[in-house]
There are 2 protein chains.
Amino acid sequence: MIKKDTIPPVCALDYAFRRIGGKHKARILWYIFKQDNVMRYGELKKRIQNITSKMLTQTLRELEEDGLLNRKVYAQVPPKVEYSLTTTGMELIPFIDHIGAWGRKQMEKESQ
Amino acid sequence: MIKKDTIPPVCALDYAFRRIGGKHKARILWYIFKQDNVMRYGELKKRIQNITSKMLTQTLRELEEDGLLNRKVYAQVPPKVEYSLTTTGMELIPFIDHIGAWGRKQMEKESQ
DNA sequence: GTATATAGTATCTAGAAAGGTACTAATGCA
DNA sequence: TGCATTAGTACCTTTCTAGATACTATATAC
């Protein structure tokens, strides 16, 4: 979310949310982490149902540019590309975990 | 970020990020927390420089609707309105703290 | 020679979030 | 009488993010 390249972040929170605040970003990191830190493009596509390939590619590219994901291309046909979290990306996992737990709790509360 | 009312969240992470993923949301919660959990509208306006009153009001309203902020109106003129975190809002503080720390660390790395 | 699999691109459009500017209410005070 | 104060509204425009649809490359299997 929010223009990332044009204007510098106003603070660390701004910086951080620009990197993981997108619609699917946190989920992508989380799913890869949960699959032993390796997922292929097609697996992600299935997991995040309803995402278009354009959006998935675009989001993966941003995560890669921001140093949160590794992209490993195998020189074969049909193509095989694997995504995995970098060390930096890994550092976000506890945060994603906790905020997911918070969300789950709130959703339960709301549904009562 | 992301349409919040029309379509139900796909998961807890989606739910959570819809609530604190906005451009200023995490910062607002954080600043209020840091000011002993009370801030007036005008104080926030000064703190978050460059935000328009329209955006500030809108964001505060959303946070209130989502049960993260209390809004206390004093019946006096000129008006006085105080914002403070709810218990639920408070629960987000550790995460905001964590991700802010992550952001700070990354920014330092980048600047080297 | 054709079909299949995989990881994408390209182009156009819709929708959501954010920004700009101007304006308001009601009271106390000079 | 007129001005300052505070917390907003109203209305319009711009910018960003996301979605829809169609299309591509190339080795291998059949």
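Quantities reported herein were computed from a predicted structural model and do not represent experimental measurements. Convention: sequence-line order gives letters A, B, ...; per-chain numbering from 1.
The separation between A:K45 atom NZ and D:dA20 atom C1' is 12 Å, rounded to whole Å. Between the C1' atom of C:dG8 and the CD atom of A:E64 lies a distance of 13 Å, rounded to the nearest Å. In this structure, the NZ atom of A:K46 is 7 Å from the P atom of C:dT6, given to the nearest Å. Regarding A:M55, its CE atom lies at a distance of 17 Å from the P atom of C:dA10, rounded to whole Å. Atom P of nucleotide C:dG8 and atom OH of A:Y74 are separated by 13 Å, given to the nearest angstrom. Computed from coordinates, the A:Q76 CD to C:dA7 P distance equals 9 Å when rounded to whole Å. What separates NZ of A:K23 from P of D:dT17 is a distance of 14 Å, to the nearest Å. The distance between atom CE of A:M39 and atom P of C:dT6, rounded to the nearest whole Å, is 14 Å.
Note that CD of A:E65 and CZ of A:R19 are 10.5 Å apart. Values are rounded to the nearest 0.5 Å.
For B:T59 (side chain) and B:K25 (main-chain N/O), no donor-acceptor pair under 3.5 Å exists by modelled atom type. Of the possible polar contacts, none joining the A:T88 side chain to the A:L68 backbone as a donor-acceptor pair under 3.5 Å is found.
Pairs of residues two or more places apart, or lying in two chains, that qualify as side-chain hydrogen bond (donor to acceptor under 3.5 Å, both in side chains) and include a residue from residues 26-39 of chain A are A:R27-A:Y31. Screening residues 93-112 of chain B for side-chain hydrogen bond (donor to acceptor under 3.5 Å, both in side chains) gives A:Y15-B:E110, A:E91-B:K105 as the qualifying pairs, with residues at least two apart or on separate chains. Sorted by first and then second residue, the ring pair (Phe, Tyr, Trp, His ring centres under 6.0 Å) pairs involving residues 39-89 of chain A (not counting sequence neighbours) form an empty list.
Taking every heavy atom of both residues into account, A:I93 and A:L29 meet most closely at CD1-O, 4.1 Å.
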Name each donor-acceptor pair under 3.5 Å that joins a side chain in residues 46-55 of chain B to protein atoms two or more places apart or in another chain, with its distance.
| residue | atom | partner | partner atom | Å |
| --- | --- | --- | --- | --- |
| B:T52 | OG1 | B:M55 | N | 3.2 |

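For A:K80, the salt bridge (charged side-chain N to carboxylate O under 4.0 Å, His left out) partners at least two apart in sequence or on another chain are A:E82.
Remark on the helix from C:dG1-D:dC30 to C:dA30-D:dT1: inter-end axis angle 10°, axes from five-pair C1' superpositions, rounded to 10°.
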| request: Report, as a single string ordered 5' to 3', how protein heavy atoms within less than 4.0 Å touch nucleotides 4-10 of chain D: B base, S sugar-phosphate only, - not at all. | output: -BBSBB-

